[in-house]
Amino acid sequence: MLSIHFIRQNPEIVKQTIADKRVDLDLDALLALDREVVALKQQIEEMAAEVNRLSKSFGKVSKEDRPALIQRSKALGAEKKALQESLRVEEEALQAMLWRTPGIPAEDVPVGATDDDNVEIRRVGELPSFDFDIRDHVDLIELNDWGELSRVTEVSGSRTYALKGELARLEVAIHLMVLDMLAERGFGMITVPALAREDAFYGTGHFPGGREDAYHLPNDDLFLSGTAEIVLTSLHRGEILDEADLPILYAGYSPCFRREAGSAGRDVRGLMRVHQFTKVEQYVLCRDDPEESARWHGELLAGAEKVVELLELPYRVVECCTGEMGLGKHRMHDIEVWVPSAQTWRETHSCSSLHDWQARRADLRYRREDDRKVTHVHTLNNTGVATPRILVPLLENHQTEDGRVRLPEALVPYMGGKTHIGGAR
RNA sequence: GGAGAGGUGGCCGAGUGGUCGAAGGCGCCUGACUCGAAAUCAGGUGUAGGGCAACCCCCUACCGUGGGUUCGAAUCCCACCCUCUCCGCCA
């Protein structure tokens, strides 16, 4: 969310962003409402000041004069109360609009509407060439008895999965490999709950817009988060951190839940798009310094690229255009990995800079060392690795003619020295 | 789930209806002393919104959150959230 000061001072920039990001928000209505709220507040505050003055003089006036004083104060109080009710309504409406104010993208972010307007930054790795008919990941799983892909949906519904044997073990091995690599880069592992209250989802910006994509547990009024980012963002909510505490680097580890409400019929086969998955998340809180947060953005992107390189997967880095990047984001890069069965690139990592847009929502602040002023931090996040999705390109790119899968070198130690999996039956 | 205790500023902690944005201590900042430091002494030190050219000043709000009572609430009442102790249940 943007600060109201920024919006007042830069309405044209905000309007441009609303257009570029295809946000449904009437800025003129917002500004008009803001003016009303300010005027109403001033009126109420004047009344409050008068009531305070009267109350303070209460002890000083004679007994005879008190009834008049009380009467006046009561009358003012009643009037104030009526105004406060209208203020409450208007402030609520204003807040609802402020929740939908977009973060300002970096100047060089491509303007566009769909992923066709995303810009490919670079490609890394060779596309595999096979001299045999390849299998897709579902066929490989069935061939090697690595999961229950159809049976379990009878139990748990569509977009669920069960992994077995070497593949189940491989999932854990990948997590460990990535956590070790991130630890080396300074990211401390933290496990976080998938459960969170509504306000945590507002804090990241997932609500109100993404409400339909979160599972709700009405008995306890909790939601299941689709990313560790939800809880990590609210972890330091309301605190005033010391500048010396920053940056804070987390490798969040959590189960993630997504209703996939908007993706009916897409990717229903296999492990590409499921309701529950497990994710290692890179997360950064840093100083309110565009250069520093840009540097961290680079670090997070490099961390994710390192992961796909360790997995020996061909990938490309894409800079997301304004229409694709999400309400709060300042810059966003996706990593897309080659999926041979589909002959296309599929997103496995998403790297986002939010500047202070989330910090403002979640009330994440720190005290600057030089002038002792309190200001908002910057937040950034990127996938470390998400399973089972990453297994799709991993199995398919490294498959052999006999239906086994070669393991990337970096994974071998995590798999007890095995260089291949599969072929047992 | 049952019973009890409690939530106050960066931290600790006092405060049971007005003189309280809040004593005192710690921490931090500035100055004095010192070659320098420590110790000592003096002063300062919350956040947010509004007025204003202004980080001077003035007004308003905030003592877990939201309501209520009252001329007036950190203080009284209600609901909720969280923490701690004991019991129960439990991987």
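Chain identifiers are assigned alphabetically (A, B, ...) following the order of the sequence lines, protein sequences preceding nucleic acid strands; residue numbering begins at 1 within each chain. The figures here come from the full heavy-atom set of this structure, side chains too, leaving out hydrogens, waters and symmetry mates. Note that this is a predicted model, so its numbers are computed, not measured.
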Student: What distance, rounded to whole Å, do you find between the two P atoms, one in B:A3 and one in B:U8?
Tutor: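 About 25 Å, rounded to a whole number of Å.
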Student: Should the pair A:Glu260-A:Arg273 be classified as a salt bridge under the 4.0 Å nitrogen-to-oxygen rule?
Tutor: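 Yes, charged N to carboxylate O under 4.0 Å.
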Student: Do any side-chain nitrogens or oxygens of A:Arg368 fall under 4.0 Å of OP1 or OP2 in B:C55?
Tutor: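 A:Arg368 to B:C55 OP1/OP2: no side-chain N or O under 4.0 Å.
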Student: Select from A:Glu45 and A:Val51 the residue whose nearest nucleotide in RNA chain B is closer to the 5' end of that strand.
Tutor: A:Glu45
Student: Are a donor atom and an acceptor atom from the side chains of A:Thr204 and A:His206 found within less than 3.5 Å of each other?
Tutor: yes
Student: Using the C1' atom in both, what is the distance from B:A38 to B:A54, to the nearest Å?
Tutor: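 Per the computed distance, 40 Å lies between those C1' atoms.
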Student: Quick check on RNA chain B: between A:Lys41 and A:Glu46, whose nearest nucleotide comes earlier from the 5' end?
Tutor: A:Lys41
Student: Describe the nucleic acid contact of A:Lys81 in one word from base, sugar-phosphate, nothing, applying a heavy-atom distance below 4.0 Å.
Tutor: sugar-phosphate
Student: Is A:Arg367 close enough to B:C28 that one of its side-chain N or O atoms is under 4.0 Å from OP1 or OP2 there?
Tutor: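 Looking at the OP1 and OP2 atoms of B:C28, neither is under 4.0 Å from any side-chain N or O of A:Arg367.
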Student: Using the C1' atom as the point on both nucleotides, what is the distance between B:C57 and B:G36, in whole Å?
Tutor: 40 Å
Student: So which nucleotide from B:A48, B:G10, B:C59 ends up closest to the side chain of A:Ala49?
Tutor: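 Nucleotide nearest to A:Ala49's side chain: B:C59.
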Student: Looking at B:C80, I'd like to know if its phosphate oxygens (OP1 or OP2) sit under 4.0 Å from a side-chain N or O belonging to A:Arg197.
Tutor: no
Student: CD of A:Gln42 versus P of B:G50: gap in Å, rounded?
Tutor: 9 Å
Student: Of the options B:A48, B:C59, B:G10, whose atoms approach the side-chain atoms of A:Arg365 most closely?
Tutor: B:A48
Student: Rounded to whole angstrom, note down the C1' distance from B:G7 over to B:U75.
Tutor: 15 Å
Student: Using only heavy-atom distances, determine whether the side chains of A:His378 and A:Asp356 contain a donor-acceptor pair under 3.5 Å.
Tutor: no
Student: Would you indicate what A:Asn52 reaches in the nucleic acid, counting non-hydrogen atoms under 4.0 angstrom: base, sugar-phosphate, or nothing?
Tutor: sugar-phosphate
Student: Side-chain N or O of A:Lys74 less than 4.0 angstrom from OP1 or OP2 on B:C71?
Tutor: yes
Student: For the residue pair A:Tyr253 and A:His175, does the interplanar ring angle fall in the parallel (under 30°), tilted (30 to 60°) or perpendicular (over 60°) class?
Tutor: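 Aromatic pair A:Tyr253/A:His175 classed perpendicular.
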